[in-house]
Asker: 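To start, I am sharing the structure in question, which I have written as C-alpha cells.
Throughout, a chain's letter reflects where its sequence line sits, starting with A, and its residues are numbered from 1. These figures come from a predicted structure and were not determined experimentally.
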Amino acid sequence: MTARVRFAPSPTGLLHIGGARTALYCHLYAKAKGGSFVLRIEDTDLERSKREYEVAMIEDLKWCGIENNEGPNKGGDFGPYRQSERTEIYTELAQQLVTEGKAYYCFLTDDELEKLTEKAQEEKKSPHFYHGKYRDLDPAEAKKKVDTGETHVIRFKNPGKKYTFTDLVRGEVTFPEDMVGDFVILRSNGMPVYNFCCVIDDWKMEMTHVLRAEEHLNNTVRQLMIYEAFGATPPEFAHCSLLVGEDRQKLSKRHGATSVVQYKDQHFLPQALMNYLCLLGWSHPEEKDIFTMDEITPIFDLSRFNKSPALYDIEKLKHFNGEHMRRLSTEDLMAYLAPTLAEDHAFHSQSREWQENCLDFFKEKINTPAELPEHLKVLFSTEPETGEAVDEVLSWESTAAIKEYIKGEVSNIDSAFISEKQFNEFTNHCKKELKIKGKFLFKGMRLAITGMAEGPDLKVVIPLTPIEVIKKRLGL
RNA sequence: GCUCCCAUCGUCUAGUCUGGUCUAGGACACCGCCUUUUCACGGCGGUAACAGGGGUUCGAAUCCCCUUGGGAGUACCA
C-alpha cells in the first residue's frame, strides 16, 4: 500500500512555525515512501475559519518548498478537501452511529452542562463524569424531542474500556477507560467537531499515516473509539514533540515571530528555515546538520525522532541561514541579497562585477540580510566614527602623517577605485619612507581611508570603496 | 484535581531498543589562541550535561521502581 500522509491545518490564522514543521515532516515522510502528500482544510469552526487564511497558508507552504499532491488547490480522487464541504458525509455517518446505538442525542443546555461540570469537579470526578445524562434515554423519545425542534447535539457513546495503540514515535500508549466521557461529535448548529471529521476524513481519504504534534496525543483515544465504531482500521499514528518558547510552553504568538510569513518578510532563506525546523526533534543518521530537504528525503524516517519538546531558538536559525546563504551560487546570492537593500542604496549604482565581489566578500560576515547594510557602511559612509578607539588612533603622530600622504596620492587618482596594487604601494611607502609599522601602520591607514578604527580586511575593502567616497572622507 | 507524555551541556541533539568500546560525541552561543592590526570566516583549543533516590547486574546515561521537575490534554477549538 502506498503511503498517504496529510497535513490538516485549520485556517484560523497564518501558517506558524510549528505547523510548518509538522507539514515538513508529513511531506518528507510521504516523499520518502514514494506516497502522496495531501492537504486538507479543517474549517469546521465557522466563526474563526477564513478563506484568506487558507490561501495564505497554501502560499506559505509553497514558499517553504512544501507542495501537496492533493487538496483544495489541486483536486484529487478523495475530495472535497475542505471539511466545510463535507458536512453531509459527517452528518450521515453521525446519524448512522445514532441508529446503531453507538451515539445518542443529548439535550443538555450550556447552563446545565456548566453545573454538571462543577458538580463533578467538587466531587473530585472528571469534568465529563455527568455529561452522559441522556445516554440511556429511550431512542424513540429522543427522536420525538428532536422532531419538535429541541436543541440538541450528538454525543458518542464511550464504550468504557481501555485503549492501547502503538505510536510510531512514542511506542505503546494506553488510555484508561474513563479518560474521556461521552464527547460531542455533532454540534447543535449541525457542524461536526474535529475529532469526528478527522477520523472520517482520514478513513475515507485512505490515509496510512497520521503525523502530528504531541498536543493531539490525547485526542487519539477518541479517534480510536470512532474508528472502532465504524469497523475501520486506524492509520499508523506518530506524535512528534512540541515546539516550545523560552518559557518552555507551547510556542505561540506571544513568543514573537512565529508565523512563517514573518521569516519570508525578513528575507530568511526557506531552505534554511526548513533545515533548522527539521532538526528540531529529528536527527540526521550521520549527524549532518546542514542539508537540503531533497538530500534527506530518501533517508527520512520516523525512528529518529526525539520525544522531548524542542525549544525554538532564532539565534540558531540565523546560523543556518548563514550556512545556506554561503552555499548559494554567485548569481543566486545576488538575487537573494541585492533586493533586500533599500532601493536608493549606493550598492545598486555599482557595476555587476563590483556587486558580485562585494557580496562574495560580505557574505562571510553575515548570517542574515538584515546585517548587510551595517557592514556596507565601511564602503559608503562618509560620517567619521567617534569613540575611544578612534581617539586613540588619532592621537598617534603617525596617523596624521599617513593621512597627509594618502591625501596627496588620492588627489591624483582619476580612476573610480583604488586598486589593490595601488593600496599595497601606499602601504609600502608608509612602511619604508615614513617608517611606520605594525598596528600604527594598519590602524592609521584604516582610519585615514575609512574613518573607522576597526573593520574588515583593508586589502579587500579599499578596492571596493568608490574613490569619491574616499575623497570626501579626506576632505578633497 | 484527573489522564497522558517527557527528562543527556544554557540551547538543539548523538548515544538508550540490542547494558561494557562513554574519563558521554557533534552543533549553536560563549571564551581563548592562530591566521604578521581589528572584526567576521576558517583552523585549533576551552568552559559546560546523563534531574534525584533506590534496585537488577561483575558492570547502567542505557533495564526496573519511586520521587521531583516540565509539558500537553481534560470544549458544541483544532
Asker: Kindly confirm or rule out a cation-pi arrangement of K377(A) over F380(A), judged by NZ or CZ under 6.0 Å from the six-membered ring centre and within 45° of its axis?
Answerer: no

Asker: Return the value, rounded to whole Å, for the distance between atom OH of Y163(A) and atom C1' of C5(B).
Answerer: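 Going from OH in Y163(A) over to C1' in C5(B) covers 21 Å.
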
Asker: How about H216(A) and Y194(A): are their ring centres within less than 6.0 Å of each other?
Answerer: yes

Asker: Mind checking if E214(A) touches a base, just sugar-phosphate, or nothing, with heavy atoms under 4.0 Å?
Answerer: base

Asker: Per the salt bridge (charged side-chain N to carboxylate O under 4.0 Å, His left out) rule, which among R40(A), R4(A), R6(A) passes with E70(A)?
Answerer: R4(A)

Asker: If pairing requires Watson-Crick or G-U wobble contacts with both distances under 3.5 Å, which nucleotide is the partner of U11(B)?
Answerer: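 The base-pairing partner of U11(B), which may sit in any strand shown, is A27(B).
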
Asker: Check every atom of C5(B), C76(B), A72(B) against the side chain of V173(A) and return the nucleotide holding the closest atom.
Answerer: C5(B)

Asker: Look at the side chain of K316(A) against the base of A27(B) and say whether a donor-acceptor pair falls under 3.5 Å; ignore hydrogens and angles.
Answerer: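 In this structure, the two groups form a donor-acceptor pair.
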
Asker: Which one is paired to C44(B), where only Watson-Crick or G-U wobble pairs with both distances under 3.5 angstrom count?
Answerer: G32(B)

Asker: Nearest of A27(B), C4(B), C76(B) to any side-chain atom of D110(A)?
Answerer: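 Ranking A27(B), C4(B), C76(B) by closest atom to the D110(A) side chain puts C76(B) first.
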
Asker: Heavy atoms from C-beta onward define the side chain here; which of A7(B), A14(B), U38(B) lies closest to that of E287(A)?
Answerer: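 For E287(A), the side-chain atoms sit closest to A14(B).
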
Asker: Please give the distance between the C1' atoms of A7(B) and A61(B) as a whole number of Å.
Answerer: 12 Å

Asker: Would you kindly give the CD-to-C1' distance between E246(A) and U11(B), to the nearest whole Å?
Answerer: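 After rounding, the gap between these two atoms is 9 Å.
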
Asker: Could you pick out which residue, N219(A) or F305(A), lies toward the 5' side of RNA chain B when each is mapped onto its nearest nucleotide?
Answerer: F305(A)

Asker: Suppose we define a pair by two distances each less than 3.5 Å, Watson-Crick or G-U wobble; what does U38(B) pair with here?
Answerer: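 The answer is none; no pair meets the criterion.
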
Asker: E315(A) has an atom CD; how far is it from atom P of C28(B), in whole Å?
Answerer: 13 Å

Asker: Both distances under 3.5 Å, Watson-Crick or G-U wobble: report the partner of A51(B), or none.
Answerer: U67(B)

Asker: So, for H284(A) and F291(A), is the gap between ring centers shorter than 6.0 Å?
Answerer: yes

Asker: For the residue pair F156(A) and F183(A), is the inter-centroid distance of their aromatic rings smaller than 6.0 Å?
Answerer: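 Yes, close enough.
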
Asker: Which one is paired to G59(B), where only Watson-Crick or G-U wobble pairs with both distances under 3.5 angstrom count?
Answerer: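 When the pairing criteria are applied, nothing turns out to pair with G59(B), so the answer is none.
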
Asker: Give the nucleotide from the list U38(B), G1(B), C4(B) with an atom nearest to the side chain of M179(A).
Answerer: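 Looking only at side-chain atoms, M179(A) lies closest to C4(B).
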
Asker: In the structure shown, which nucleotide is the Watson-Crick or G-U wobble counterpart of C76(B), with both distances under 3.5 Å?
Answerer: none

Asker: Under 4.0 Å between a side-chain N or O of K250(A) and OP1 or OP2 of A72(B)?
Answerer: no

Asker: Which nucleotide, C12(B), U74(B), C4(B), lies nearest any side-chain atom of H128(A)?
Answerer: U74(B)

Asker: Can a donor-acceptor pair under 3.5 Å be found between the side-chain atoms of D457(A) and the base atoms of A40(B)?
Answerer: no

Asker: Whether the D111(A) and T109(A) side chains hold a donor-acceptor pair (N or O, under 3.5 Å, no angle test) is what I'd like checked.
Answerer: no

Asker: In whole angstrom, what separates R248(A)'s CZ from C6(B)'s P?
Answerer: 16 Å

Asker: Of the listed nucleotides (A78(B), C2(B), C12(B)), which one gets closest to any side-chain atom of S126(A)?
Answerer: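 Of the options given, the side chain of S126(A) lies nearest C2(B).
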
Asker: Starting at CG of N218(A) and ending at C1' of C4(B), how long is that distance when rounded to a whole Å?
Answerer: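 For the pair N218(A) CG and C4(B) C1', the rounded distance is 5 Å.
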
